[in-house]
S.K.: 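Quick one: structure below, then a few questions.
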Amino acid sequence: MKFKLHSPYQPTGDQPQAIKQIVESLDRDQDTQVLLGVTGSGKTFTMANVIEQVQRPTLVIAHNKTLAAQLYQEFRDFFPNNAVSYFVSYYDYYQPEAYIPQTDTYIEKEATINEEIDKLRLAATTNLITRPDVIIVASVSCIYSLSSPVEYGRFIFELVEGEVISLDSIMNSLTNLQYERSTTDLKRGTFRVRGENIQVWPAYMDEALRIEMTGDKVSKVTWIDALSGTPQKLSSFDPHHPQRFVIFPAKHYVVDPTAQKTALAEIRADLATQLKKLVNSGHPLEALRLKQKVTYDLEMIEQFGFVGGIENYSKYFDGRQIGQPPFTLLDYFKYNNKQFGGSKFLTFIDESHMTIPQIGGMFKGDESRKKTLIEYGFRLPSALENRPLKFDEFIERIDQVVAVSATPGEWERQETKGQMVEQLVRPTGLVDPVIYLRSTQHQIEDLVVEIINRKQLGQRCLVTTLTKKMAEALTDYLNDAKKIKKLIQSFQARQKLRINQIDPDKVIQEVSHLNVDKLPIGQIPDSHLSTADASLIDLKKLTLPKVAYLHSDIVTLERSQILQDLRQGKYDVLVGINLLREGLDLPEVSLVAVLDADKEGFLRSETALVQTMGRAARHLAGEAILYADKLTKSLKSAISETSRRRQYQLQYNQKHSITPRSINKPFRKEMVARSLDDLHPASSPVMVKLSPRDSIQLDKLDPNSLTPMDKKKAITQLKRAMEQAALELDFELAAQIRDVLQTF
């Protein structure tokens with residue numbers, strides 16, 4: 001099974017030399033390389049060509065699920081006949097188990113699992129165990145604990161037509177693989193019995209199996225549509241002969257019945273040791289709490305082979321010692337090499353300036369939370385062994401890595417001693433956007449005019465704010481027809497007055513043409529500020545833009561669909577915070593607007609600004625508007641670097657007689673089909689946890705409907721939730737709860 005790249009294009013511009021340099025360095029066993037590629041230079045296509053040439057299983061890591069989804073779709077198109085998989089956290093909502101001693105608040109683990117993503121995760125590990133031609137696009141979820149690949153690969157159930165086996169034996173085998181029996185609907189990860197037939201839906205597939213029995217013999221096995229029951233062709237997920245069927249576990253954590261007794265005995269021994277320690281140190285309450293919790297977990301594992309939070313006991317079932325790193329997706333790649341005779345696997349770290357710090361920061365946060373749980377008797381010390389990898393452990397487990405970024409970070413520069421593979425030319429001839437500086441005084445009015453001007457041209461816009469609340473509020477405002485029309489009328493009147501006083505040619509200047517390096521840090525001269533042109537807007541013929549927001553509260557797969565909707569024109573504008581920065585390929589976007597660009601910090605750093613402005617580099621008329629009242633160090637550096645790259649491309653175009661051309665990027669199929677016409681609500685519900693078992697939706701809370709007793713109770717609970725949110729530095733949530741309390 002060879003990697004075969006399918007594309008109508010050939011490498012051009014800087015791509016051929018970049019591909020050659022990377023492949024030659026990989027052949028020389030160079031451990032670390034950096035591909036410094038500007039937005040739109042075809043970094044993903046370069047990666048795909050490298051994969052085809054080196055013919056190795058490949059892990060591509062992205063720092064957020066939206067970017068990972070886009071990369072997954074691109075690689076799936078490049079390699080349609082190979083096993084391209086998607087591996088990210090399967091939670092749409094996740095609240096980790098935690099304890100806050102200051103308020104004596106225990107927070108149970110709560111999670112909403114996305115079954116489609118769970119299927120894709122299981123498909124990824126199944127592919128690594130069964131075939132060599134695997135590409136997995138993952139988030140930093142790939143450094144979190146999984147079960148041993150050896151154990152996972154050993155936990156299979158194999159069926160052969162004509163085999164003699166009883167119905168009970170089949171059901172017991174499926175139960176051991178964590179498949180649940182259903183008496184009604186067939187769902188992913190379940191099986192049901194109909195007479196002498198069994199239907200089982202493998203958790204990692206889109207099809208189900210129908211096993212037809214004649215007495216104690218398997219007479220026929222057929223792939224069927226899971227909903228209609230109609231026969232289907234063999235799925236691409238199963239590489240085996242149709243007469244032989246292999247079913248893998250429904251969950252990544254499976255318990256070997258033969259090793260279970262040993263593991264449970266070790267847990268009981270460690271429990272006794274920890275109970276003695278707690279009692280001797282004067283913590284009998286914590287000892288009682290721990291005893292009750294662990295005893296319950298042990299009973300559940302003995303009876304059902306599984307319990308919520310079983311990953312906290314993974315050390316015992318994996319046979320690991322204290323301090324030994326957990327098994328992760330990286331170990332499945334190592335297993336794949338051993339199975340299929342490979343020497344090394346390849347790792348690409350996309351947008352490495354963001355992804356590498358994220359990988360390095362996962363361990364400390366997890367350790368801090370679990371130490372508190374252990375200290376107060378909620379978990380055994382072994383819970384610390386269920387953890388993400390430390391950064392040095394991650395580096396030890398990857399064979400060869402190529403860090404990909406337009407703005408490489410400190411680690412990349414140190415590892416390569418500044419020697420990087422550069423890819424600065426866009427094959428299409430497109431240049432970095434024209435940059436304008438504008439005052440924050442009337443930034444919303446100015447922004448609305450710019451958005452409407454581009455709406456009239458059929459173009460799209462991205463707007464970045466500093467907080468989720470600002471993103472949502474701005475989205476609501478931009479979708480309010482009455483407010484927008486009134487605002488435009490006011491702006492047009494003010495601009496007519498200004499034009500009568502000032503020559504607009506002296507005001508509207510393109511920053512890209514200025515020598516920004518000579519501008520002092522501090523107040524921006526008026527002569528360098530520009531203004532929007534409202535004269536082109538006819539209110540009588542005005543068609544208002546459709547606006548949506550995109551931030552981390554939007555569920556994983558829906559984010560990708562919102563971006564697709566923007567490209568297709570269902571939305572004209574996306575408002576976001578940090579998800580509109582790296583890697584998003586949106587050729588229809590002609591304008592990127594950065595509100596409060598002079599608020600120095602993480603979201604307005606040089607790297608963030610360069611990346612954000614780069615989103616407009618895929619359009620012939622790309623422009624970036626920075627709303628600021630002072631020139632910060634980051635602003636100055638970002639404008640200077642973007643302008644340098646713009647001039648570099650312009651000179652290349654002139655030298656090679658290239659006329660920039662727009663990108664015709666096809667619309668990809670949805671990762672998961674939607675069941676509703678509109679998945680994006682006008683606003684996300686704000687859920688507040690009042691107790692370990694009770695939550696409330698803030699916008700649904702009506703104080704007038706409560707009895708005096710219930711009102712008093714609600715006030716107490718909301719105050720506690722507000723204080724808790726403040727302690728966790730979630731000041732937006734605390735402010736929302738405060739506003740609700742003021743209505744009582």
Side-chain angles (χ1 to χ4, degrees), residues 39 430-457 459-465 474 488 491-492 494-495 498-499 502-537 545 573 575 580-581 589-599 604 606 608-647 649-650:
T39 301
L430 289 170
V431 296
D432 278 277
V434 173
I435 304 171
Y436 292 99
L437 279 172
R438 294 190 178 166
S439 171
T440 63
Q441 186 177 2
H442 299 292
Q443 61 182 353
I444 301 302
E445 294 94 326
D446 192 277
L447 174 64
V448 169
V449 172
E450 290 291 356
I451 288 172
I452 292 174
N453 283 340
R454 282 160 181 79
K455 163 71 175 176
Q456 293 174 340
L457 296 172
Q459 299 170 3
R460 315 283 186 268
C461 306
L462 300 180
V463 182
T464 64
T465 65
L474 181 58
I488 293 171
F491 192 89
Q492 286 178 330
R494 188 167 63 250
Q495 192 167 60
R498 186 178 183 187
I499 288 174
I502 303 174
D503 182 354
D505 291 334
K506 293 182 180 179
V507 177
I508 303 175
Q509 294 195 38
E510 178 188 328
V511 181
S512 306
H513 289 165
L514 300 175
N515 189 344
V516 181
D517 292 333
K518 291 185 178 180
L519 287 177
I521 301 295
Q523 203 68 24
I524 302 171
D526 288 341
S527 60
H528 294 150
L529 297 173
S530 63
T531 54
D533 184 2
S535 64
L536 302 175
I537 299 175
V573 184
V575 183
L580 300 179
R581 264 181 62 175
V589 170
S590 66
L591 172 67
V592 170
V594 181
L595 300 181
D596 302 305
D598 54 0
K599 298 297 187 290
R604 299 294 182 261
E606 177 190 351
L609 291 168
V610 169
Q611 292 281 353
T612 303
M613 289 189 287
R615 297 312 103 215
R618 309 289 276 171
H619 198 282
L620 277 171
E623 293 181 350
I625 300 176
L626 306 173
Y627 291 97
D629 293 322
K630 60 181 182 292
L631 191 67
T632 63
K633 183 179 179 182
S634 293
L635 262 177
K636 185 174 180 177
S637 300
I639 293 170
S640 178
E641 176 60 20
T642 301
S643 300
R644 182 186 73 84
R645 295 179 182 184
R646 176 180 172 83
Q647 293 304 316
Q649 182 75 53
L650 287 171

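Residue numbers start at 1 and run along the sequence shown.
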S.K.: List the atom of Ile451, the atom of Pro545, and the distance in Å for their closest heavy-atom pair.
M.R.: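 Heavy atoms only, the tightest pair is CG2-CG, 3.7 Å.
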
S.K.: For the residue pair Ile488 and Ile537, what are the closest heavy atoms and their distance?
M.R.: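 Nearest heavy atoms, Ile488 then Ile537: CG2-CG2, 4.1 Å.
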
S.K.: Listed by chain and number, what are the salt bridge (Lys or Arg N to Asp or Glu O under 4.0 Å) partners of Asp598, not counting sequence neighbours?
M.R.: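 So Asp598 forms no salt bridge (Lys or Arg N to Asp or Glu O under 4.0 Å) with any residue.
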
S.K.: Might you point out which heavy atoms bring Arg615 and Gln611 nearest each other, and give the distance in Å?
M.R.: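 Of all heavy-atom pairs spanning Arg615 and Gln611, the closest is NE-O, 3.1 Å.
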
S.K.: Give me each pair satisfying salt bridge (charged side-chain N to carboxylate O under 4.0 Å, His left out) with a member in residues 624-633, each pair once, sequence neighbours excluded.
M.R.: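 Listed once each, the pairs would be none.
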
S.K.: State which residues pass side-chain hydrogen bond (donor to acceptor under 3.5 Å, both in side chains) with Asp446; sequence neighbours excluded, sorted by chain then number.
M.R.: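 For Asp446, the residues satisfying side-chain hydrogen bond (donor to acceptor under 3.5 Å, both in side chains) (neighbours in sequence not counted) are Arg438, Tyr627.
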
S.K.: Using the side chain to side chain contact (heavy atoms under 4.5 Å, CB included) criterion, which residues pair with Ala638? Sequence neighbours excluded.
M.R.: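 If we apply the side chain to side chain contact (heavy atoms under 4.5 Å, CB included) test to Ala638, skipping adjacent residues, the hits are Glu606, Leu609, Val610, Met613.
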
S.K.: Side chains of Leu447 and Leu474: does their closest heavy-atom pair fall under 4.5 Å?
M.R.: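 Yes, their side chains come closer than 4.5 Å.
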
S.K.: Nearest 0.5 Å, please: how far is CG in Asn453 from CG in Leu591?
M.R.: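 Answer for the CG-CG pair, Leu591 versus Asn453, is 10.0 Å.
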
S.K.: Can you name the residues that form a side-chain hydrogen bond (donor to acceptor under 3.5 Å, both in side chains) with Thr632, not counting sequence neighbours?
M.R.: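 So Thr632 forms no side-chain hydrogen bond (donor to acceptor under 3.5 Å, both in side chains) with any residue.
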
S.K.: Within this structure, what is the CG-CZ distance for the pair Leu430 and Arg646, rounded to the nearest 0.5 Å?
M.R.: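 So the CG of Leu430 and the CZ of Arg646 are separated by 11.0 Å.
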
S.K.: If you look at every heavy atom in Ser643 and Ile435, which pair is closest and at what distance?
M.R.: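 That closest heavy-atom pairing would be OG-CD1, 4.2 Å.
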
S.K.: Only one of Val594, Leu595, Asp596 clears side-chain contact (heavy atoms from CB on, under 4.5 Å) with Thr464; which?
M.R.: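 For Thr464, the side-chain contact (heavy atoms from CB on, under 4.5 Å) test succeeds with only one of Val594, Leu595, Asp596, which is Val594.
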
S.K.: Going by the rule side chain to side chain contact (heavy atoms under 4.5 Å, CB included), which residues pair with Ser590 if we only count those two or more places apart in sequence or in a different chain?
M.R.: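 Ser590 satisfies side chain to side chain contact (heavy atoms under 4.5 Å, CB included) with Arg454, Gln459, His619 once adjacent residues are dropped.
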
S.K.: Can you see which heavy atom on Pro433 is nearest to which on Ala624, and at what distance?
M.R.: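 Here Pro433 and Ala624 meet closest at CB-N, 4.0 Å.
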
S.K.: Is the shortest heavy-atom distance from the side chain of Lys636 to the side chain of Ile521 under 4.5 Å?
M.R.: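 Touching, per the 4.5 Å side-chain cut-off.
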
S.K.: Do Gln456 and Ile452 touch side chain to side chain, with heavy atoms closer than 4.5 Å?
M.R.: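 SC-SC contact between Gln456 and Ile452 confirmed.
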
